[in-house]
Amino acid sequence: MSEALPKRSEDYSGWYNELVKRADLAENSEVRGCMVIKPYGYSIWEKMQQALDKMFKETGHTNAYFPLFVPKSLFEAEEKNAEGFAKECAVVTHYRLKTDPNNKGKLIVDPEAKLEEELIVRPTSEAIIWKTYKNWVQSYRDLPILINQWANVVRWEMRTRLFLRTAEFLWQEGHTAHATKEEALFETTQMLDIYATFAEQYMALPVVKGVKTENERFAGADDTYCIEALMQDGKALQAGTSHFLGQNFAHAFDVKYQSKEGKLEHVWGTSWGVSTRLMGALIMAHSDDDGLVLPPVLAPIQVVIVPIYKGDDGLKLISEKVQQIVEELKRKGISVKYDNRDTHKPGWKFAEYELKGVPVRLAMGQRDLENGTIEVARRDTKTKETLPVADVVPHIEQLLNDIQNNIFQKALEFRNSNITKVDNFEDFKKVLAEKGGFISAHWDGTNKTEDKIKELTKATIRCIPLDAVAEVGNCVYSGAPSSKRVLFAQAY
RNA sequence: CGGGGUGUAGCGUAGCCCGGUAUCGCGCCACAUUUGGGAUGUGGAGGUCGUAGGUUCGAAUCCUGCCACCCCGACCA
């Protein structure tokens, strides 16, 4: 705990990995590619869940739960979806173990217990859910179905990183079914807007809303909408997706309804999700070389109070004073921790709470008792001031708002200054190599060009921004005509 | 799956070339002194050296097999 973190400027990924572990957010587990989310990390995830869940419910969605396993025959029903995920599926083939006759005390898979049909551990739940929806839908009166589930999924990734890419991860997945294309499209963009609002207002993370190109589209969707964020090292991170599924799953699973006019129609679908990857985005967006910087609205502890004292009597006098402040903060709905442990010194605690990103730290010592003051330190700017005790609670209420706004503004300025317009391929390569960030450039609309650029630069089209303005131009690679700019970046 | 690397205490490591039962730091435990930016001292606990075999009087060290993990590619929310 005494060693400093690696510096972002020297070893960005080392900094990230160490920060996640040292701030007690998560650690690697005994299972390859799977993490243990520790209590402090999980409580941030819970705050995210609560905020999102509320937004989903306010827009008419309800939660349900579907099985972890998907029979292979269902999984393969929507061909593109199956093909897209096939390479990274965990598969259950047996249902029993037995003691190894040749190796005492060890277990082997019982060859007698082979499943008739393999079960896929869900990498996403469209298949099992649409199979279920088939039974739920007969009439237009049964629509829409607006369901979300909070679940874990498994994608057998080659290479994993805590929160950003793990073999098992937690997420929410919304799956909706509608009578008309218009309704489904509205749903798709509505959920995208919710994600963008959540990212900006809760995570203090500015995002670009856009549409994916065909290459980057969700397997089985007609269109994939996304929010894209920029990390401090200049790489982009896909922070959430909302898919317009068209009638693809309705066709695959034969989900039809009878309209008012008595006609049989296939239903229209959407699905949308965000995952524990958001934790990675949150960590990378704001934190510095001293540790985590958390936006106050998602911080499990918003205010920490550290006493500085000599002897038990000294602590008692400070504690009496502090207790009043604690009560007052709690009444205002501010989460506060009074760390009166005698096992660590104040300096140790200061460093510890900075590492953990607690937005506001109060310190009270003998000097303050005499002057009727208290020291207030903010994590985002690392500044300190001494205030009269009487003023501190209203000050903190304001301060938490200020911090939330400040880190958003800081991230926004960083993002905006790292969107570079580029009009030829030499500049494209140069900007990517020297500056990174988003590159706003014209593209001829073909997969071929996109693939070629990826091959040459590792950059992909993150999205076609929804607010892209019409502009006549030429593709940055092929020179073919183009009508608007798209955003390229190297991505996580 | 291709190419490279590493497994020694909770974590990070030295020792390996040249064989003699394991070094140092952090952390942990106890006591004392400390407490306005990661305290100090003294004492202490903790290791089948990844695993299975081989060579040897003797293996962390040499040889062989296996396993795991990490890095670089390919793949990816």
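Keep in mind that what you see is a predicted model, and the values were worked out from it rather than measured. Chain A is the first sequence line, chain B the second, and so forth, proteins listed ahead of strands; every chain is numbered from 1.
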Taking the C1' atom in each of B:G20 and B:C1, what is the distance between them to the nearest angstrom? 44 Å

Within the structure shown, what part of the strands sits under 4.0 Å from A:D368 by heavy-atom distance: base, sugar-phosphate, or nothing? base

All N/O pairs under 3.5 Å across the protein-nucleotides 3-7 of chain B interface:
none

Need one value for A:E157: base, sugar-phosphate or nothing, where a base atom within 4.0 Å counts as base even if backbone is also close, heavy atoms only. base

Rounding to the closest angstrom, what is the interatomic distance between B:U6 and B:U51 at atom C1'? 15 Å

Just grab all the salt bridge (charged side-chain N to carboxylate O under 4.0 Å, His left out) pairs involving residues 375-388 of chain A, residues at least two apart or on different chains. A:D288-A:R379, A:D290-A:K382, A:E354-A:K382, A:R378-A:D380

Could you check whether A:F169 gets within reach of a base, just the sugar-phosphate, or nothing at all, counting any heavy atom under 4.0 Å? base

Atom CZ of A:R367 and atom P of B:U35: how far apart are they, to the nearest Å? 14 Å

Given atom CZ of A:R217 and atom P of B:A77, what is their separation to the nearest angstrom? 14 Å

Determine the stems involving RNA chain B; a stem requires 3 or more consecutive pairs of the Watson-Crick or G-U wobble kind, each with both distances below 3.5 Å, and the answer is none if no such run exists. B:1-7 with B:67-73, B:10-12 with B:24-26, B:28-33 with B:39-44, B:50-54 with B:62-66

Sequence neighbours left out, what pairs pass salt bridge (charged side-chain N to carboxylate O under 4.0 Å, His left out) with at least one residue falling in residues 300-322 of chain A? none

Donor-acceptor contacts under 3.5 Å from residues 160-177 of chain A side chains, at least two apart:
residue: A:T166; atom: OG1; partner: A:E168; partner atom: O; Å: 2.8
residue: A:E168; atom: OE2; partner: A:N152; partner atom: ND2; Å: 2.8
residue: A:W171; atom: NE1; partner: A:E173; partner atom: OE2; Å: 3.3
residue: A:Q172; atom: OE1; partner: A:Y195; partner atom: OH; Å: 2.5
residue: A:Q172; atom: OE1; partner: A:V274; partner atom: N; Å: 2.8
residue: A:Q172; atom: NE2; partner: A:N148; partner atom: OD1; Å: 2.7
residue: A:E173; atom: OE1; partner: A:S125; partner atom: N; Å: 3.0
residue: A:E173; atom: OE1; partner: A:S125; partner atom: OG; Å: 3.4
residue: A:E173; atom: OE1; partner: A:H175; partner atom: NE2; Å: 2.8
residue: A:E173; atom: OE2; partner: A:S125; partner atom: OG; Å: 2.6
residue: A:E173; atom: OE2; partner: A:Q149; partner atom: NE2; Å: 2.9
residue: A:T176; atom: OG1; partner: A:H178; partner atom: NE2; Å: 2.7
residue: A:T176; atom: OG1; partner: A:T270; partner atom: OG1; Å: 2.5

On a whole-Å scale, what distance lies between the C1' atoms belonging to B:U64 and B:U55? 11 Å

If you look only at pairs with a residue in residues 271-292 of chain A, which of them pass as a ring-ring contact (aromatic ring centres under 6.0 Å, His included), with sequence neighbours excluded? A:F56-A:W272, A:H61-A:W272

Expressed as a whole number of angstroms, how long is the span from A:F218:CZ to B:A77:P? 10 Å

Looking at every strand, decide which applies to A:L164 at a 4.0 Å heavy-atom threshold: base, sugar-phosphate, or nothing. base

Just to be sure I understand the rule, does A:T166 reach a base, reach only the sugar-phosphate, or reach nothing, if contact means heavy atoms closer than 4.0 Å? base

What nucleotide among B:U34, B:A77, B:G37 has an atom nearest to a side-chain atom of A:K345? B:U34

Quickly work out the A:E27 CD to B:C69 P distance and round it to whole Å. 16 Å

Selected nucleotide, minimal atom distance to A:D342 side chain, candidates B:U34, B:C76, B:G38: B:U34

Could you go through residues 75-86 of chain A and list every donor-acceptor pair under 3.5 Å that involves a side-chain atom there, pairing it with any protein atom two or more places apart or in another chain?
residue: A:E78; atom: OE1; partner: A:K80; partner atom: N; Å: 3.2
residue: A:E78; atom: OE1; partner: A:N81; partner atom: N; Å: 2.8
residue: A:N81; atom: ND2; partner: A:A219; partner atom: O; Å: 2.8

The nucleotide from B:G38, B:G36, B:C76 with an atom nearest the side chain of A:E88 is B:C76

Might you confirm whether atom CD of A:E46 has over 12 heavy atoms from other residues, nucleotides or ligands at distances under 6.0 Å? yes

If only side-chain N and O atoms count, and only distance matters, is there a donor-acceptor pair under 3.5 Å linking A:Y309 with A:D342? yes

Are A:I453 and A:F488 side-chain neighbours, meaning at least one heavy-atom pair lies under 4.5 Å? yes

For residues 300-309 of chain A, which residues have at least one heavy atom under 4.0 Å from RNA chain B? A:I308, A:Y309

When rounded to the nearest Å, what value does the distance between C1' atoms of B:C49 and B:U61 take? 10 Å

Return the residues of residues 371-386 of chain A meeting this criterion: a heavy atom under 4.0 Å from some atom of RNA chain B. Order them by number, or give none. A:E375, A:K384

Side-chain atoms of A:K454 come closest, of B:G37, B:G38, B:C76, to B:C76

Starting at atom NZ of A:K87, determine the distance to atom P of B:A74, rounded to an integer number of angstrom. 14 Å

What is the distance from CG of A:D312 to C1' of B:U35, rounded to the nearest Å? 12 Å

Looking at B:G36, does its base get a donor-acceptor pair with the side chain of A:Q366 below 3.5 Å? no

Look at all strands and tell whether A:R361 reaches a base, only sugar-phosphate, or nothing, counting heavy atoms closer than 4.0 Å. base

Kindly indicate whether the side chain of A:L230, heavy atoms from C-beta on, has any atom under 4.5 Å from the side chain of A:V207. no

Report which part of the nucleic acid A:T241 touches: base, sugar-phosphate, or nothing (heavy-atom distance under 4.0 Å, all strands). nothing

Counting only side-chain heavy atoms from C-beta out, which of B:A77, B:G38, B:C76 sits nearest to A:E352? B:G38

Residue pairs passing the salt bridge (charged side-chain N to carboxylate O under 4.0 Å, His left out) test where at least one lies in residues 221-241 of chain A, sequence neighbours excluded: A:K212-A:E228, A:R217-A:D223, A:E228-A:R462

Between B:A39 (P) and A:H344 (NE2): distance, integer Å: 10 Å

Residue whose closest nucleotide on RNA chain B lies nearer the 5' end, A:A491 versus A:N28: A:N28

Does the side chain of A:K458 get closer than 4.0 angstrom to OP1 or OP2 of B:G73 through an N or O atom? yes

Sort and list the pairs that fulfil salt bridge (charged side-chain N to carboxylate O under 4.0 Å, His left out) and have at least one residue in residues 185-207 of chain A, not counting sequence neighbours. A:D193-A:K209

What is the distance from CZ of A:R22 to P of B:G27, rounded to the nearest Å? 12 Å

Hey, could you give me each pair passing ring-ring contact (aromatic ring centres under 6.0 Å, His included) that has a residue in residues 221-244 of chain A? Not counting sequence neighbours. A:F218-A:H243

